[in-house]
Amino acid sequence: MRRLQSGETYQLDLTGDQKVTEIPVVITCSVDGAEVFVDSNKVGITSNKMLTTNISTGEHIIRVDTNGFKPKEITETISTSNNSFNFDLKVLEPVMLTIKSNPKEADIYINNIKEGSTNKQLFKYPDNYQLRIVKDKFDSVEETITVTSSGSNEFSYTLLKSTAVLTVNTTPSGCEISVNRSMISGNSKEVSAGTYLIEVSKDGWYTQTRTVQVEKGRDIIESFILKQKTGKLQFVVEPMEAKTTMKYIGSTYKSWSGSKHLSKIPVGSYELAVDLNGYKKQTRTISIKENETTQTNVTLEKGVSKPAYTTSGSIEMVFVEGGTFQMGSNDGSSDEKPVHSVTVNDFYIGKYEVTQKQWKEVMGNNPSRFRGEDNPVEKVSWYDTVEFCNKLSEREGLSNCYSGSGKGITLNINANGYRMPTEAEWGFAAIGGNKSKGYKYSGSNSIGDVAWYDSNSRKKTHLGGTKQANELGIYDMSGNVWEWCWDWYGSYNRGSQLNPTGVTYGSYRVYMGGSWYFNASDCRIANRCYNFPDGSSDDIGFRLVRSFN
């Protein structure tokens, strides 16, 4: 570089950035309200099919776009001599879009708007769309789809399960199964992936629990074999020639003659029937308890017993010898008072509540909520029960006890057919008849021994005859289901009565005995309840009675 000499000058020409020149540009369009973009930046919307905007000179990309029309894009050099551009947009025709899935019935969302369920066809303009496919218990699908003016525009998806089926097999059958402490119906449940606690239980068996891990989309089967609780029986009989039949829930468990020691007997309530020609037959209910020995002594009396019998529909009937008892209670509700003396004649009564199987054989249907052939029928009204009794009587060639209809139904208590018990007959049978020991509940002062009620029922009915019977060998007169009686609901009379049938009219019919849903107090023998005769509930059933002729 040359050094400047003294007195010598040097001139620099400094220039800044050149100024950008913008000029007005006119955009005309065949469609009003179209959006105008310059180099991807929105500059305005056409009004009266025209937009004027300032654009710098030079090359630019101009695009005009609006719904229902095919966008148009041009590249032009803006100059003072080239500042007006026309866009003639062509109408877009909607095309058929098909959305399919396996399985079907998945919800379709397009741009977050629900468009129905698969499989479905709908019309859309060619464009890009956000598609979402949603179905319960399956993984959702989300993606961008492109709908074109040509081509099939069909989109198919195979949905992957987000759940699995957990199946629990049990030995014995009929166990109660809970998953994460919630009871399930049947033995299978569809669940999400995760960890689950399975509990399998059954009365008389040891409960088992297990934790299992369920993976998404992979069904799982778990098998449980429960161990039965057992006890022993030490049985002594006189005379030694007597024959004993031991029954569990109406089925023979064992039979033998004379005295007997039995071990490893499943826990539960059993009926012993001891019989010998020339002696009165005795029936007795015993309870076999876990790891205990039950001792039972029976001495037969000479004489002849009144026979029990079974209907053509396998309904076992117990003979109740007539007698006198004190009906009502001073310790309960006001409608249990006054306590009064009642005498009833001999009659037969069902050993068990009428079962669902027995009801279906006569009526051809099963209205019950809690299904089980040998569980008590429920959800039957008083009118339904009248119809059942008459149909069963006709099947066996007996005279109907009921005639008329609605509130005009009358009772012929001396007819030889089947009927509901009167409230007095029900109460006499429930206390154990002439063999009564004065228990609060039917068969015991300990409700858990004789009844399914709110504290032990797990909120459902149970197989009849699994609790201890009362003094007459009758089961479940406390708990399980309430039992319809003939009587209109009304106040008791003070005086002594013979074979009372209740007040002559009313709005409600009586039912007795408590149920799986109610507490111990409601299962007392003396407790009374009532409902409209056309009313029904999943805790109301009945048992049969027949006059002794």
Side-chain angles (χ1 to χ4, degrees), residues 269 285 287 320-344 347 349 353 420-457 462 467-503 506-531 537 539-543 545:
S269 181
T285 301
S287 180
V320 180
E321 183 181 20
T324 301
F325 74 111
Q326 298 301 299
M327 186 170 176
S329 172
N330 289 319
D331 300 325
S333 302
S334 59
D335 65 353
E336 298 173 25
K337 304 170 185 177
V339 177
H340 54 292
S341 181
V342 171
T343 301
V344 294
F347 61 94
I349 191 168
E353 293 162 330
M420 289 172 276
T422 64
E423 187 179 346
E425 288 171 330
W426 189 96
F428 187 61
I431 67 170
N434 294 325
K435 297 180 180 180
S436 176
K437 296 179 181 178
Y439 294 132
K440 181 189 300 186
Y441 311 106
S442 185
S444 178
N445 283 328
S446 176
I447 188 170
D449 291 342
V450 294
W452 295 110
Y453 69 117
D454 67 345
S455 293
N456 67 3
S457 69
H462 287 261
K467 290 292 184 179
Q468 182 176 305
N470 73 358
E471 297 92 322
L472 294 174
I474 306 170
Y475 294 88
D476 298 307
M477 294 200 80
S478 288
N480 220 4
V481 292
W482 294 95
E483 299 177 12
W484 284 115
C485 295
W486 156 259
D487 307 49
W488 288 110
Y489 176 73
S491 299
Y492 285 153
N493 292 325
R494 290 186 177 277
S496 298
Q497 298 173 63
L498 174 64
N499 297 318
T501 56
V503 297
S507 299
Y508 309 101
R509 294 287 184 175
V510 173
Y511 53 81
M512 304 288 286
S515 78
W516 60 266
Y517 184 78
F518 282 78
N519 62 31
S521 179
D522 292 312
C523 296
R524 293 176 300 109
I525 294 171
N527 183 53
R528 308 175 72 201
C529 203
Y530 54 89
N531 198 352
S537 174
D539 68 341
I540 304 178
F542 70 104
R543 75 176 68 231
V545 157

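Everything numeric here is computed off the predicted structure, so don't read it as measured data.
Annotation for I525 and A430: closest pair CD1-O, 3.5 Å, computed over non-hydrogen atoms. Across all non-hydrogen atoms, the minimal contact from E336 to N527 is OE2-CA, 3.5 Å. The minimum heavy-atom distance between S341 and T324, with the atom names listed, is OG-CG2, 3.4 Å.
Separating the CG atom in N480 from the CH2 atom in W516 is a distance of 10.5 Å, to the nearest 0.5 Å. Rounded to the nearest 0.5 angstrom, K435 NZ and E321 CD are separated by 9.0 Å. Of the inter-residue distances, the one linking K440 atom NZ with C523 atom SG reads 11.5 Å to the nearest 0.5 angstrom.
Listed for the K337 side chain is no donor-acceptor partner under 3.5 Å among the backbone atoms of G328. Using modelled atom types, no side-chain atom of D454 and backbone atom of A520 make a donor-acceptor pair closer than 3.5 Å. For S515 (side chain) and Y517 (main-chain N/O), a donor-acceptor pair under 3.5 Å exists by modelled atom type. The backbone N or O of G495 sits nowhere less than 3.5 Å from a side-chain atom of N493 that would complete a donor-acceptor pair. The main-chain N or O of G479 is never found under 3.5 Å from a side-chain atom of D476 such that the two would form a donor-acceptor pair. Under a 3.5 Å cut-off, the side chain of N470 and the backbone N or O of G433 do not form any donor-acceptor pair. Without hydrogens or angle criteria, S537 side chain to I540 main chain gives no donor-acceptor distance under 3.5 Å.
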Derivation and outcome, side-chain contact (heavy atoms from CB on, under 4.5 Å), residues N499 and T422:
CA-CA 8 Å; N499 297 318; T422 64; over 6 Å; no

Go through it in stages, so that I can follow the logic: the residues are Y475 and T285, the test is side-chain contact (heavy atoms from CB on, under 4.5 Å), and I'd like the CA-CA distance, side-chain angles, deciding distance and then a yes or no.
CA-CA 10 Å; Y475 294 88; T285 301; 4.0 Å; yes

What verdict does the side-chain contact (heavy atoms from CB on, under 4.5 Å) test give for Q468 and S269, after you've listed the backbone C-alpha separation in whole Å, the side-chain angles of each residue and the deciding distance to 0.1 Å?
CA-CA 5 Å; Q468 182 176 305; S269 181; 4.1 Å; yes

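With sequence neighbours left out, E471 forms a salt bridge (Lys or Arg N to Asp or Glu O under 4.0 Å) with no residue at all.
Relative ring orientation between W482 and F518 is described as perpendicular, the plane-to-plane angle rising above 60° on a 0-90° scale split at 30° and 60°. Between Y489 and Y508, the angle of the ring planes goes over 60°, which puts this pair in the perpendicular group of the 30/60° scheme. Aromatic ring pairs are classed by plane angle as parallel below 30°, tilted from 30° to 60° and perpendicular above 60°; the pair W452 and H462 is parallel.
For the pair T501 and W486, the minimum side-chain heavy-atom distance is below 4.5 Å. Residues I447 and S478 fail the side-chain proximity criterion, which asks for heavy atoms closer than 4.5 Å. Side-chain contact between Y453 and D522: absent, with no pair of heavy atoms (C-beta onward) separated by less than 4.5 Å. Counting heavy atoms from C-beta on, the side chains of R528 and M512 come closer than 4.5 Å. Annotation: side chain of V503 is not in contact with side chain of D487 (no heavy-atom distance under 4.5 Å). With contacts defined as side-chain heavy-atom distances shorter than 4.5 Å, the pair R543/I349 qualifies. A heavy-atom distance below 4.5 Å is found between the side chains of Y441 and R524. Using a 4.5 Å heavy-atom cutoff, the side chains of S442 and I474 are not in contact.
The ring pair (Phe, Tyr, Trp, His ring centres under 6.0 Å) test with W484 is passed by exactly one of F542, Y511, W426: Y511.
Counted by atom type alone, Q497 and Y492 present zero donor-acceptor pairs between their side chains at under 3.5 Å.
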